[in-house]
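One-based numbering, in listed order, for ligands and for the atoms of each.
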Amino acid sequence: LLTLMLILTLAALRARIVMTMIELANVWRTYRVGDAAVHALADVSVRIEAGEHVAIIGPSGSGKSTMLHVLGCLDRPTAGAYRFEGRDVGSLAEQERSLLRRHRIGFVFQFFHLLARLSAIGNVELPMLFAGVARDERRQRAGEALAAVGLTPRAHHRPDQLSGGERQRVAIARSVVMGPSLVLADEPTGNLDRASAHDVMDLLESMHRGGLTLVVVTH
Ligand code: ADP
Ligand code: MG
């Protein structure tokens, strides 16, 4: 009986740990251009469990970025349902969606999207500024995030004083500084030489091993 109870407890724990993070059900995203309709996403159904590392692969124009924007609540499906951590995001108000984006989801883009006039540490602080984190705590957490990507010596450099690989590491530090559960990366190595691309993927993979759910677009 004791063994059975133990097995049931473990099964219950496991059920809680392996939880569905993302569920797209029959999702469409249709762009209208004049009279034409472009179905960037046509009836997509997919499920991603917490802790998974998923690659979205396809040729240019196949809808990868569109899918990532929908997953990251930067865009809404034209039709179909999107559940994130069990909540129907389609029915959330814009303010709730932006809270979700800010606290649960990190983004990494092909062209880094860093602010040119801010230093590396300033860029990493930005999400916390929007979230209303106090100045001292911002500095401290941004410093830790930069240390985790090996960029402490570059903290006060502006993006134009950094290499491509370093810029992407800053962007990765920024993407995780709020402690998200999910990181979405859109061709994060598409603009990097082979060695930097390798470093960036290593870094993302080590963050995945640390518990993040990771969805990476690549072609
Ligand atoms: P990928 O990232 O795989 O290259 P995208 O998701 O960017 O593909 O685009 C998918 C399709 O949707 C393409 O055919 C593209 O031309 C079209 N598309 C993307 N964004 C828009 C837009 N804002 N307006 C109209 N069509 C768009
Ligand atoms: Mg794209």
Discussion item. Could you go through L212 and L182, starting from their C-alpha distance and side-chain angles, then the distance that decides it, and tell me whether this counts as side chain to side chain contact (heavy atoms under 4.5 Å, CB included)?
Written reply: CA-CA 6 Å; L212 272 179; L182 170 69; over 6 Å; no
Worksheet item: Closest non-hydrogen protein atom to atom 25 (C) of ligand 1, residue and atom name please, with distance?
Response: Y31 CB, 3.4 Å
Worksheet entry | the Mg ion (ligand 2) to nearest N/O/S of S65 below 2.8 Å | yes
Worksheet item: Does a side chain donor of either S119 or H156 reach within less than 3.5 Å of an acceptor in the other side chain?
Response: no
Worksheet entry | Electrostatic pair E96:R101 at N-O distance under 4.0 angstrom | no
Worksheet entry | Identity and distance of the protein heavy atom lying nearest atom 5 (P) of ligand 1 | T66 OG1, 3.7 Å
Practice prompt. Below 4.0 angstrom from a heavy atom of A40, which ligand 1 atoms are there? Numbered from 1 as shown, please.
Written response: 10 (C), 11 (C), 12 (O)
Item to complete: Apply side chain to side chain donor-acceptor pair (under 3.5 Å) to Y31 and T78, showing your working.
Response: CA-CA 9 Å; Y31 298 108; T78 312; over 6 Å; no
Worksheet item: Parallel, tilted or perpendicular: which fits the ring planes of Y82 and F84, with parallel below 30° and perpendicular above 60°?
Response: perpendicular
Worksheet entry | Per-atom contacts, ligand 1 versus V38 - under 4.0 Å to a heavy atom | 12 (O), 14 (O), 17 (C)
Discussion item. Below 30° counts as parallel, above 60° as perpendicular, anything between as tilted: where do the rings of H53 and H208 land?
Written reply: tilted
Practice prompt. Decide whether the shortest distance between a heavy atom of G58 and an atom of ligand 1 is less than 4.0 Å.
Written response: no
Worksheet item: How far is atom 10 (C) of ligand 1 from its nearest protein heavy atom, and which residue and atom is that?
Response: G61 O, 3.4 Å
Fill in: Note: D75-R29 ion pair, threshold 4.0 Å (strictly below)
yes
Worksheet item: Going by the atom numbers of ligand 1, which of them fall below 4.0 Å from some non-hydrogen atom of P59?
Response: 3 (O)
Item to complete: Could you tell me whether atom 16 (O) of ligand 1 has at least one protein heavy atom nearer than 4.0 Å?
Response: no
Worksheet item: Looking only at heavy atoms, is any part of D186 under 4.0 Å from ligand 1, and if so is it the side chain, the backbone, or both, or is it neither?
Response: neither
Worksheet item: At what distance, to the nearest 0.5 angstrom, does CD of E23 lie from CG of D88?
Response: 10.5 Å
Response to the item:
of all protein heavy atoms, closest to atom 7 (O) of ligand 1 is S65 CB, 3.8 Å
Discussion item. Would you say that more than 12 heavy atoms from the other residues, nucleotides or ligands in this model lie under 6.0 Å from the CZ of R139, or not?
Written reply: yes
Worksheet item: Identify the closest protein heavy atom to atom 8 (O) of ligand 1: which residue and atom is it, and at what distance?
Response: G63 N, 3.2 Å
Practice prompt. Would you mind listing which atoms of ligand 1 come within a distance below 4.0 Å of any non-hydrogen atom of V33?
Written response: 25 (C)
